[in-house]
Amino acid sequence: MARQRTTITQRTVTAFDTGVGQVAAAKDDSWVTTGRAARELGLRRTEFDLGVRLGRIRAEAGRASGERRVARAEIERLRAGPGFPEALRRSVHAVGTAEGADLLGVAKTRFTRLARLGLLVPVAFHLNRYRAVVWLYLADELRLFGDDEKHAALLTGRMPEGLRGLLDSGIDLRPRNWRSRHLGFLLREAEGPWARAGAVASFLDPLHVAQVVRDPYDRSRLHTFRRRPPGGANPESPGARIAADLMTARDDDEIAWLRADLARLVDEARTHHPAPRPSTSCRPTSAPEPLVSRRPVLGPPPARPAASVGPATPAAADRARRRGLLTRWRHRSARTATRP
């Protein structure tokens, strides 16, 4: 009876066999990038970023540094909300001076005066092609301001005398109010005490930061968490310089408040996680030795032994006498050979 031969083929077990790959794919699918989330929510990227900063959209830090991501459950929550997508788009709609004046039913000049007085707080800004600052305001906030009966006197008729005096003095609280609001955005996004301290330091001149945080290692750690002005332009470009100027506190009381807040936050951060610094074993315990050339130092040549005044032994004296006789004989033979 013929014997059957059984062939066993070995095969590598893959993730599809164990189901691990499906679990990992499902886990990765539970998060989406901010760009994809904006498209699925029907928002422009600027509107999406504003929604995140306003807290309308919850985003979390991604795996890479500076990356943000949105949970799939968050997108489904927003899509299931009443009036989607118009209601969500309306909550993050920002307008400029002309459209804002139309919403309030006032002239653009009056709208600008109300904003300079700090009664209308900008939520963002951008630079036009002439590098002029264009302030943006939330349309919902403007509607609430216009619907409040207490503001009716500010929208029609003559401006109160006290407010006119402030306007004549050149007051403009738009940059300061934007800084205050933007600081709130950055603090909500900050993760950890050093990140919160860096957010506050972003609104101070480096000289003020150095005066508050005197330890160089703390300043180095703090610098890594400083936030750049919005816009994403080249730091050396004129537009970036304008944005940096708008982001830097100018008023004395504002600077004093930021300095006090920075000192408190740095103390908390130092207690929670001290800034890295060189270990004690690596620090020199004494003054460093002076640098020495690697070329060998040549000393003075050895002294030659002094010549003997006379022969020390009779044998040596005899050898010297013979060498003298031989030398004289050679000289005499040479003279004889040269004579004609």
Side-chain angles (χ1 to χ4, degrees), residues 42-57 82-186 188 203 229-231 239 242-251 253-254 257:
L43 299 175
R44 294 193 297 267
R45 188 54 189 264
T46 54
E47 295 175 336
F48 177 86
D49 293 340
L50 184 57
V52 171
R53 292 183 174 180
L54 292 172
R56 309 282 197 274
I57 306 170
F84 178 85
E86 289 77 11
L88 177 61
R89 190 179 298 115
R90 179 176 177 175
S91 67
V92 295
H93 181 52
V95 298
T97 299
E99 190 174 351
D102 291 339
L103 288 176
L104 294 180
V106 298
K108 291 189 294 184
T109 54
R110 181 177 287 268
F111 184 92
T112 302
R113 291 174 182 175
L114 294 175
R116 287 175 53 192
L117 291 169
L119 300 174
L120 305 176
V121 180
V123 71
F125 73 88
H126 65 84
L127 304 180
N128 60 14
R129 59 179 178 175
Y130 304 107
R131 296 175 187 164
V133 180
V134 178
W135 296 105
L136 301 176
Y137 307 84
L138 279 177
D140 277 354
E141 292 183 353
L142 297 181
R143 295 187 186 95
L144 292 175
F145 184 88
D147 294 340
D148 194 338
E149 296 181 356
K150 295 184 298 183
H151 301 148
L154 299 173
L155 300 177
T156 58
R158 187 176 179 83
M159 190 76 69
E161 184 177 356
L163 299 181
R164 290 202 310 270
L166 292 175
L167 292 171
D168 293 339
S169 65
I171 189 174
D172 189 356
L173 296 179
R174 288 175 295 180
R176 177 169 179 170
N177 284 340
W178 171 80
R179 285 193 294 267
S180 178
R181 192 166 204 168
H182 192 61
L183 176 58
F185 295 160
L186 297 183
R188 280 194 295 271
F203 295 86
I242 295 174
D245 184 70
L246 291 174
M247 196 167 175
T248 304
R250 299 300 178 188
D251 299 331
D253 58 336
E254 183 185 8
W257 177 78

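Note that these values count all heavy atoms, side chains included, but never hydrogens, waters or copies made by symmetry. The first residue in the sequence is number 1, and the count goes up from there.
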In Å and rounded to the nearest 0.5 Å, what is the [atom1] to [atom2] distance from [X] to [Y]?
X	Y	atom1	atom2	answer
Leu144	Asp148	CG	CG	8.5 Å
Glu99	Leu136	CD	CG	10.0 Å
Glu47	Arg90	CD	CZ	14.0 Å
Phe125	His182	CZ	NE2	8.0 Å
Leu120	Leu138	CG	CG	11.5 Å
Trp135	Asn177	CH2	CG	9.0 Å

Hey, does [Y] have a side-chain heavy atom less than 4.5 Å from the side chain of [X]?
X	Y	value
Trp178	Pro230	yes
Pro229	Ile242	no
Val134	Leu127	no
Asp253	Arg176	yes
Leu117	Leu154	no
Leu173	Leu119	no
Leu43	Arg89	yes
Leu103	Phe111	no

Original post:
Does a sphere of radius 6.0 Å around CZ in Arg164 hold more than 12 heavy atoms from other residues, nucleotides or ligands, not counting ones at 6.0 Å or beyond?
Top reply: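 Correct, the count exceeds 12.
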Original post:
Above 12 or not: heavy atoms from other molecules or residues under 6.0 Å from CZ of Arg188?
Top reply: yes
Quick one: does [X]'s side chain have a donor or acceptor within less than 3.5 Å of a partner on [Y]'s backbone?
X	Y	value
His151	Phe145	yes
Arg174	Ala115	no
Arg56	Leu88	no

Nearest heavy-atom pair of [X] and [Y]: which atoms, and what distance?
X	Y	result
Leu166	Ile171	O-CG2, 2.9 Å
Glu141	Val121	OE1-O, 4.1 Å
Arg250	Glu254	N-OE1, 3.9 Å
Gly51	Val92	CA-CG1, 3.5 Å
Thr248	Arg179	O-NH1, 3.4 Å
Ala139	Val95	CB-CG1, 4.2 Å

Original post:
Can a salt bridge be assigned to the pair Asp49 and Arg53 using a cut-off of 4.0 Å between side-chain N and carboxylate O?
Top reply: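 Not counted as a salt bridge, because no side-chain N and carboxylate O are separated by less than 4.0 Å.
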Original post:
What residue pairs, at least two apart or across chains, pass side-chain hydrogen bond (donor to acceptor under 3.5 Å, both in side chains) with a residue in residues 101-130?
Top reply: none
